[in-house]
K.L.:
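Have a look at this one.
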Amino acid sequence: MPHTLDPELRRALAERVRYCHEMGIYDFYRRESTTLHEIPSANQPELREEMSPKKIAVTPAIAGNNLAAIAPYPEHGAADTASALKLIREDLGDCTRCKLHQQGRKQIVFGVGNPRAELMFVGEGPGADEDAQGEPFVGRAGQLLNNMIKAMGLRREDVYIANIVKCRPPGNRQPERDECETCSPFLMRQIAAIKPKAIVALGATAAKNLLAINAPMTELRGRWYDFKPAAGDPSWPGSRLAVTYHPAFLLRDPRQKGEAWKDLQMVMKHLGIEPPKKPAEEAR
Ligand code: SF4
């Protein structure tokens, strides 16, 4: 296979990439040619196994021809993470890329926290309180998340918190697949800029979107996944991702708080955080 592109093809490709960037599309996928008989059926168990996060990590296509050099992300080359996040927010703009922009959102909820956080929490999408205040996890579920963070011996300001979609789905419904696929590239760029050591996916929707694994929570929890978005710095090894229950679920079923605490203890161990002598009761 040739390693350089014909100049005319390269020019046409650059035009196409620029057009995609204007549309907010930054991630490109290499699809290997696959004949029909090679496609495993969806219920074959090995399919899930094959979709380990490392294997599903998005890869800029035609990497050998340095596509990123043709049209890099706006935040590449930013002086620091805070500036990179600002550039991503500016690029998002007054986003109308998916239908959630016209379904009653008051504002875009970009994400909040320490740009140099070692730990990042990712939820599903903003609710009514978040939509009103422009910040993720500020309602009752947010209060419980704050307590969980405190029980870990951290402060809310120490971590970074974001969602798969940045606009409130009407009636607090789950975000739909096309909405997640349109919005999540911006979350991937936030993760790539922050480079957290650990990410906690809050709930099944966040986990399934981040990992591209369709499995119940009982299977998703209790283990680590390697995670690195395509936009990530090549010298960055990536994050480790754990899954736990969404705080809103824990409010509905407090019996599961003990299980969530086990997940957080696993994260604390990875981050080298000493278990508090007396964990906050409210997070358990
Ligand atoms: S959910 Fe994301 S992609 Fe959709 S309109 Fe809001 S910011 Fe844009």
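When a residue number appears, it is its place in the shown sequence, counting from 1. Order of listing sets the numbers, starting from 1, for every ligand and every atom in it. Computed from a predicted model, the values in this text were never measured in an experiment.
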K.L.:
Inspect the contact between D80 and R116 and indicate whether a charged nitrogen and a carboxylate oxygen are less than 4.0 angstrom apart.
P.N.:
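Looking at D80 together with R116, the answer is no, because their closest N to O distance does not fall below 4.0 Å.
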
K.L.:
Please work out whether any backbone atom (N, CA, C, O) or any side-chain heavy atom from C-beta onward of K99 is under 4.0 Å from ligand 1, and answer side chain, backbone, both or neither.
P.N.:
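None of K99 does.
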
K.L.:
When you measure from atom 5 (S) of ligand 1 to each heavy atom in R105, E181, Q107, which option holds the nearest one?
P.N.:
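Comparing heavy atoms across R105, E181, Q107, the nearest one to atom 5 (S) of ligand 1 lies in R105.
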
K.L.:
Any idea which protein heavy atom is nearest atom 6 (Fe) of ligand 1, and the distance to it?
P.N.:
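For atom 6 (Fe) of ligand 1, the nearest protein heavy atom is C167 SG, 2.3 Å.
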
K.L.:
For atom 2 (Fe) of ligand 1, which protein heavy atom lies nearest, and how many Å away is it?
P.N.:
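In this structure, atom 2 (Fe) of ligand 1 has C183 SG, 2.3 Å as its nearest protein heavy atom.
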
K.L.:
Are D263 and R221 close enough for a salt bridge, meaning some N to O gap below 4.0 Å?
P.N.:
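Result for this pair is yes, salt bridge flagged.
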
K.L.:
So, are D94 and K166 salt-bridged, with charged N and O less than 4.0 Å apart?
P.N.:
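So D94 does not pair with K166 through a salt bridge.
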
K.L.:
Going by the atom numbers of ligand 1, which of them fall below 4.0 Å from some non-hydrogen atom of K166?
P.N.:
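Close to K166: 1 (S), 7 (S).
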
K.L.:
For H246 together with F137, are the ring centres under 6.0 Å from each other?
P.N.:
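Yes.
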
K.L.:
Check whether any N, O or S atom of H101, backbone or side chain, sits closer than 2.8 Å to atom 8 (Fe) of ligand 1.
P.N.:
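Checking H101: none of its N, O or S atoms is under 2.8 Å.
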
K.L.:
Just checking: C98, one of its N/O/S atoms, less than 2.8 Å away from atom 4 (Fe) of ligand 1, yes or no?
P.N.:
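Here the distance criterion (N, O or S atom, under 2.8 Å) is met by C98, so yes.
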
K.L.:
Quick one about Q190 and R89 (side-chain donor to acceptor, distance below 3.5 Å, no hydrogens or angles considered), yes or no?
P.N.:
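Q190 and R89 do not have a side-chain donor-acceptor pair below 3.5 Å.
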
K.L.:
Among all protein heavy atoms, pick the one closest to atom 8 (Fe) of ligand 1 and tell me residue, atom and distance.
P.N.:
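Residue, atom and distance for the closest contact: C95 SG, 2.2 Å.
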
K.L.:
Counting only heavy atoms not in K86, do more than 12 sit closer than 6.0 Å to its NZ atom?
P.N.:
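Open.
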
